[in-house]
Amino acid sequence: MKIGIIGTGHVGGTLGSRWAQGGHDVTFGTRHPDSPEIQNLLAKSGGSARAATVAQAVANSAVVLLATPWNAARDAIAGAGNLSGKVLIDAMNPLLPDMSGLAAGTTTSAGELVAQWAPEARVVKAFNSVGYNTMAEPVFGDERAVMFYCGDDTGAKQTVRDLAAQLGFDPVDAGPLNRARLLEPFALLWISLAYGGYSREIGFRFMRREARAGA
Ligand SMILES: NC(=O)c1ccc[n+]([C@@H]2O[C@H](COP(=O)([O-])OP(=O)(O)OC[C@H]3O[C@@H](n4cnc5c(N)ncnc54)[C@H](OP(=O)(O)O)[C@@H]3O)[C@@H](O)[C@H]2O)c1
């Protein structure tokens with residue numbers, strides 16, 4: 001799979017390098033392709049990963065991960081070029097600067113705003129509800145951390161499901177894109193637990209059993 005990364009920091013760097021290590025064709029879209037951070041990322045990612053401008057990374061890719069700070073998202077999309085038909089994974093949380101809450105929510109979400117700003121892309125919300133360190137290692141003992149995702153395009157969701165499963169997550173379809181209204185506040189729960197004494201080394205588990213008759 002050809003994957004472009006917009007936002008090559010903690011989240012984009014972790015997911016991009018893991019996908020590259022797993023055999024995907026990854027292009028890191030960056031404003032600083034020659035920086036030591038990007039060169040380190042390429043070294044960690046393996047031979048096939050490359051750095052390019054954001055627009056080149058998008059043009060090269062069928063799947064694009066958007067992992068910038070929320071306040072940069074609209075500019076990043078505007079500079080991304082033609083996103084038509086691409087699977088656009090929104091991993092962002094619209095956090096207030098002090099992380100006390102969300103700048104968008106309850107009646108809309110970052111995921112839905114991204115879809116408005118990139119109307120021809122196939123937006124899937126995913127990878128927003130655990131820390132990048134858990135994206136690096138989603139398996140805890142013999143248990144896989146859940147990764148909820150949501151979106152309105154069935155094929156795009158299947159692609160994201162596969163990409164999450166390849167990393168080791170237990171991917172769970174949370175429904176249409178407007179469920180991002182729930183997944184983004186869920187990230188606040190993760191943040192409050194991580195910084196409230198449990199540390200960043202946490203994940204969530206999803207349990208299922210057969211529905212009972214009449215339930
Ligand atoms: N950190 C986590 O554990 C975590 C977990 C889940 C979700 N998230 C969400 O994921 C997003 C990224 O978080 P992060 O921790 O990875 O942030 P980060 O480490 O600060 O990285 C942000 C990246 O975005 C790039 N960027 C900023 N403005 C840009 C623009 N206009 N065009 C292209 N690239 C731009 C930065 O590049 P420069 O170096 O050029 O500025 C940097 O590479 C946030 O929305 C956050 O809420 C974070």
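Counting from 1, the numbers follow the sequence of the chain as shown. Atoms within each ligand, like the ligands themselves, are counted from 1 in listed order.
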Nearest neighbour in protein (non-hydrogen) for atom 43 (O) of ligand 1: T8 N, 3.0 Å
Answer yes when E184 and K125 have at least one side-chain N-carboxylate O distance shorter than 4.0 Å, and no when they do not. yes
What residue and heavy atom of the protein are closest to atom 25 (C) of ligand 1, and at what distance? G7 CA, 3.8 Å
Check for me whether V130 has a heavy atom closer than 4.0 Å to any atom of ligand 1. yes
Just by distance, no angles: are the side chains of E112 and N178 close enough, under 3.5 Å, to form a donor-acceptor pair? no
Is there a protein heavy atom less than 4.0 Å away from atom 20 (O) of ligand 1? no
Indicate whether the side chain of H32 and that of E37 have a donor and an acceptor atom separated by less than 3.5 Å. no
Numbered atoms of ligand 1 (with element) below 4.0 Å of A91, judged on heavy atoms: 7 (C), 8 (N), 9 (C), 10 (O)
Check each of A73, A126, P69, A76 against atom 32 (N) of ligand 1 and report the one with the nearest heavy atom. A76
Would you mind finding which of V11, T68, N133 brings a heavy atom closest to atom 44 (C) of ligand 1? T68
Regarding Y132 and R200, do their side chains bring together a donor and an acceptor under 3.5 Å, going by distance alone? no
For K157 and D173, what are the C-alpha separation, side-chain angles and deciding distance, and is it a salt bridge (Lys or Arg N to Asp or Glu O under 4.0 Å)? CA-CA 8 Å; K157 287 207 288 190; D173 184 350; 2.8 Å; yes
Give yes or no for whether the N/O distance cutoff of 3.5 Å, strictly under, is met between F127 and ligand 1. no
Parallel under 30°, tilted from 30 to 60°, perpendicular over 60°: which one fits the rings of W70 and W117? parallel
Of all the atoms in ligand 1, which lie at a distance below 4.0 Å from a heavy atom belonging to G131? 3 (O)
From atom 37 (O) of ligand 1, work out which of H10, R31, E184 has a heavy atom at the shortest distance. R31
Judged by modelled atom types alone, do Q56 and N60 share a side-chain donor-acceptor pair under 3.5 Å? no
Among W190, Y132, W70, closest by any non-hydrogen atom to atom 1 (N) of ligand 1: Y132
Restricting to heavy atoms, the pick from E37, R200, H32 nearest atom 40 (O) of ligand 1 would be H32
For the aromatic rings, using the six-membered ring if either is Trp, is the centroid distance between F127 and W190 under 6.0 Å? no
